[in-house]
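These figures come from a predicted structure and were not determined experimentally. Residue indices begin at 1 and follow the sequence shown.
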Amino acid sequence: MKIVLPSFAERLKPLRKAKKVTQREMAELMDCAEQHYQKIEYGKVNVSATTVIFLANYFGVTADYLLGRE
C-alpha cells in the first residue's frame, strides 16, 4: 500500500525555510543523504513515525500538523 501525504511535503518546506536551514543541513541533522531529504520534502517517499516525531519536535509543531490532520 502506498500512501502519499502531500500536506506533509507542503508543510515541511516552509517550516525549514522559516528556520533558515538548508536541505543539506537537515540531511545532516537527520543523518541521511541530502537527496533522501529532498525526496521527503518533495513528497516522493514516505517517512517513519520516528522521522515524523523528530521533525515535529525540531520545528516545534505537532505530528498531526505535519501529517495534515489539523
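With sequence neighbours left out, Thr50 forms a side chain to side chain contact (heavy atoms under 4.5 Å, CB included) with Ser48. In this structure, the side chain to side chain donor-acceptor pair (under 3.5 Å) partners of Arg16, at least two apart in sequence or on a different chain, are Glu41.
Heavy-atom minimum distance, Gly43 versus Ala9: N-CB, 3.5 Å.
Considering CD of Gln35 and NZ of Lys44, their distance stands at 15.0 Å, rounded to 0.5 Å.
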Enumerate, atom names and distances included, each donor-acceptor pair closer than 3.5 Å involving a side-chain atom of residues 25-34, sequence neighbours excluded.
residue	atom	partner	partner atom	Å
Glu25	OE1	Thr22	N	2.8
Glu25	OE1	Thr22	OG1	3.4
Glu34	OE1	Arg24	NE	3.3
Glu34	OE1	Arg24	NH2	3.2

Below 3.5 Å, can you tabulate the donor-acceptor pairs from side chains in residues 53-66 to any protein atom, sequence neighbours excluded?
residue	atom	partner	partner atom	Å
Asn57	ND2	Ile53	O	3.4
Thr62	OG1	Tyr65	N	2.9
Thr62	OG1	Glu70	OE1	3.2
Asp64	OD1	Arg69	NE	3.3

### Task
Output, in order, the C-alpha distance, side-chain angles, deciding distance and verdict of side chain to side chain contact (heavy atoms under 4.5 Å, CB included) for Phe8 and Ile40.
CA-CA 9 Å; Phe8 183 82; Ile40 292 170; 3.7 Å; yes

